[in-house]
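Have a look at the structure below, then the notes.
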Amino acid sequence: MESFVTLNGPGPWGFRLQGGKDFNMPLTISRITPGSKAAQSQMNQGDLVVAIDGVNTDSMTHLEAQNKIKSASHNLSLTLQNHLPPITKTLKYFLVSFGILKTAPAPVHSYTPANTEPASRPPWVTDDSFSQKFAPGKTTTTVTKHILPRGPPAPARGTVQRAERFPASSRTPLCGHCNSIIRGPFLVAMGRSWHPEEFNCAYCKTSLADMCFVEEQNSVYCERCYEQFFAPTCARCHTKIMGEVMHALRQTWHTSCFVCAACKMPFGNSLFHMEDGEPYCEKDYIALFSTKCHGCDFPVEAGDKFIEALGHTWHDTCFICAVCHVNLEGQPFYSKKDKPLCKKHQVPHVQ
């Protein structure tokens, strides 16, 4: 759902962008400064920036979007596509521990209908004990509570599993392959029982009775066949991924391969920033690439209006006289000891 936000100028606006046409990612609000104009306007981290001052952002690079925001002199109008938190996480598969549930088969109950007379005759005529069965105050229904055991959680896609062997016993489960009764030793895997000779790789037919297997599309495969036909390829090391997969930048990665270009730590589910085609964690991105205001020592973020003077960068609201604190944007100024002064206080007052 799109929303329209107007921030009253002047800046700083108090938000940071990530993405752009040059990153092959939509422009997104990656950070909002608490208490800023962006925070007060109910903008949210993760919102997509559809248009800036009425100009569609589909063809904008990251720098073009920044410059468009910086050029806003009075008010900044944004068209946003609201970000809704996902119900389930789709960027990543998580490995889930897998156990085999050992339960006895449900008892088979047979039902033999009682001898009944033609249905046309009412029960109080055919049954001599009817009046005793349904006497007032007599309970006629028995309720039995059955507690169903909880099975193990379903393993994540690509999880390597192994069947468990059971010796022959009085238990006669049904085979998950042929649906016949198993009379003898059997295997248990994926919550079902199997004849050992019928638990095979769906492609190469290798027996999986004593081998690891991977479940895919309701079939089982040996590790070699799964790796060949189903396993995704890591964008960094270009090897097949068995088990946990990270989805990012429209590619798949080993979780150990998708790391910060500076500190080499895996991102997990943390926010990351792109710079020169490399991902960086929030901490390293700020330390390496953000420009800090010489007045307040806070980063000059995308969307902030800034001034370059005295060899430094300043928020426009931070470039003030060091004595009387009057704003010097667009005004003649003087300097002493790297501090700006208005015309009135150009005489030495700075300690």
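Note: hydrogens, waters and symmetry copies are ignored here, and every other heavy atom, side chains too, is used.
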Nearest 0.5 Å please: distance from the SG atom of Cys321 over to the NZ atom of Lys339. 11.0 Å

Kindly check if the number of other-residue, nucleotide or ligand heavy atoms within 6.0 Å of CZ (Phe298) is above 12? no

If you define the side chain from C-beta out and look only at heavy atoms, does anything of Leu7 sit under 4.5 Å from Phe15? yes

Just do the ring-ring contact (aromatic ring centres under 6.0 Å, His included) check on Tyr221 and Phe229 with the steps written out, would you? CA-CA 10 Å; Tyr221 296 86; Phe229 298 109; 7.7 Å; no

How far apart are the closest heavy atoms of Arg192 and Gly176, and which atoms are they? NH1-O, 4.2 Å

Rounded to the nearest 0.5 Å, how far apart are CG of Asn327 and SG of Cys318? 9.5 Å

According to a 4.5 Å side-chain heavy-atom criterion applied to Ile, Leu, Val, Met, Phe, Trp and Tyr, with indirect links allowed, do Val259 and Trp253 form part of one hydrophobic cluster? no

So if you build clusters from Ile, Leu, Val, Met, Phe, Trp, Tyr with side-chain heavy-atom gaps below 4.5 Å, do Phe166 and Leu174 land together? no

Would you call His273 and Arg16 a side-chain contact if the rule is heavy atoms closer than 4.5 Å? yes

Could you check whether atom NZ of Lys240 has more than 12 heavy atoms from other residues, nucleotides or ligands sitting under 6.0 Å from it? yes

Could you tell me whether the side chain of Asn8 reaches within less than 4.5 Å of the side chain of Lys37, counting heavy atoms only? no

Tell me, with the steps shown, if Leu288 and Glu275 meet side chain to side chain contact (heavy atoms under 4.5 Å, CB included). CA-CA 10 Å; Leu288 296 173; Glu275 187 70 28; over 6 Å; no

Within a 6.0 Å radius of atom CZ on Phe230, are there more than 12 heavy atoms belonging to other residues, nucleotides or ligands? yes

Taking Asp47 for its side chain and Asn44 for its backbone only, find out whether a donor-acceptor pair lies under 3.5 Å. yes

Can you measure from CG (Leu208) to CZ (Phe199) and round to the nearest 0.5 angstrom? 5.5 Å

Give me the atom names and distance for the closest heavy-atom approach of Lys205 to Asn200. O-CB, 3.7 Å

Can you confirm whether Met265 is buried at CE, in the sense that more than 12 heavy atoms of other residues, nucleotides or ligands lie under 6.0 Å from that atom? no

With a 4.5 Å cut-off on side-chain heavy atoms, are His254 and Thr239 touching? yes

I'd like to know if Phe267 and Leu249 are part of one continuous hydrophobic network [Ile/Leu/Val/Met/Phe/Trp/Tyr, side-chain heavy atoms within less than 4.5 Å]. yes

What one should report as the nearest heavy-atom pair of Gln45 and Ile32 is N-CD1, 3.8 Å

Can you confirm whether Glu329 sits close enough to Phe319 that some side-chain heavy atom of one is under 4.5 Å from a side-chain heavy atom of the other? no

Taking atom SG of Cys324 and atom NZ of Lys344, what is their separation to the nearest 0.5 Å? 7.0 Å

What distance do Glu308 atom CD and Thr313 atom OG1 have between them, rounded to the nearest 0.5 Å? 4.5 Å

Heavy atoms of Ala163 and Phe213 approach each other most closely as N-CE2, 3.6 Å

Heavy-atom closest contact (Thr79 atom, Glu2 atom, distance): CG2-OE1, 3.8 Å

Take Cys342 and Val323, measure what side chain to side chain contact (heavy atoms under 4.5 Å, CB included) needs, and give me the verdict at the end. CA-CA 8 Å; Cys342 66; Val323 178; over 6 Å; no

Would you find a donor on one side and an acceptor on the other, under 3.5 Å apart, between the side chain of Arg165 and the backbone of Phe186? no

Under 3.5 Å donor-acceptor, His62 side chain and Gly19 backbone: yes

Got His312 and Asp338 here, is their nearest side-chain heavy-atom distance under 4.5 Å? yes

As an exercise, state the distance from CE of Met43 to OG of Ser36, rounded to the nearest 0.5 Å. 8.0 Å

Atom CG of Asn218 with >12 non-hydrogen neighbours under 6.0 angstrom: no

Indicate, with yes or no, if Tyr280 and Leu271 share a hydrophobic cluster defined by side-chain heavy-atom contacts under 4.5 Å among Ile, Leu, Val, Met, Phe, Trp and Tyr. no

Are the side chains of Phe258 and Gln251 in contact, using a 4.5 Å heavy-atom criterion? no

Met246 and Thr255 have their tightest heavy-atom pair at CB-CG2, 4.2 Å

Go through the steps to decide whether Met60 and Ile52 satisfy the test side chain to side chain contact (heavy atoms under 4.5 Å, CB included), and finish with yes or no. CA-CA 10 Å; Met60 287 187 186; Ile52 302 172; 4.2 Å; yes

List the steps and the verdict of side chain to side chain contact (heavy atoms under 4.5 Å, CB included) for Arg31 and Glu282. CA-CA 10 Å; Arg31 180 178 175 186; Glu282 182 85 2; 3.4 Å; yes

Ignoring hydrogens and geometry, is there a side-chain-to-backbone donor-acceptor pair from Thr57 to Val49 under 3.5 Å? yes

Is there a path of hydrophobic side-chain contacts, each under 4.5 Å between heavy atoms, that joins Val326 and Phe333? yes

Side-chain (Thr28) to main-chain (Gly46) donor-acceptor, under 3.5 angstrom: no

Taking C-beta and beyond as the side chain, do Val300 and His315 meet within less than 4.5 Å on heavy atoms? yes

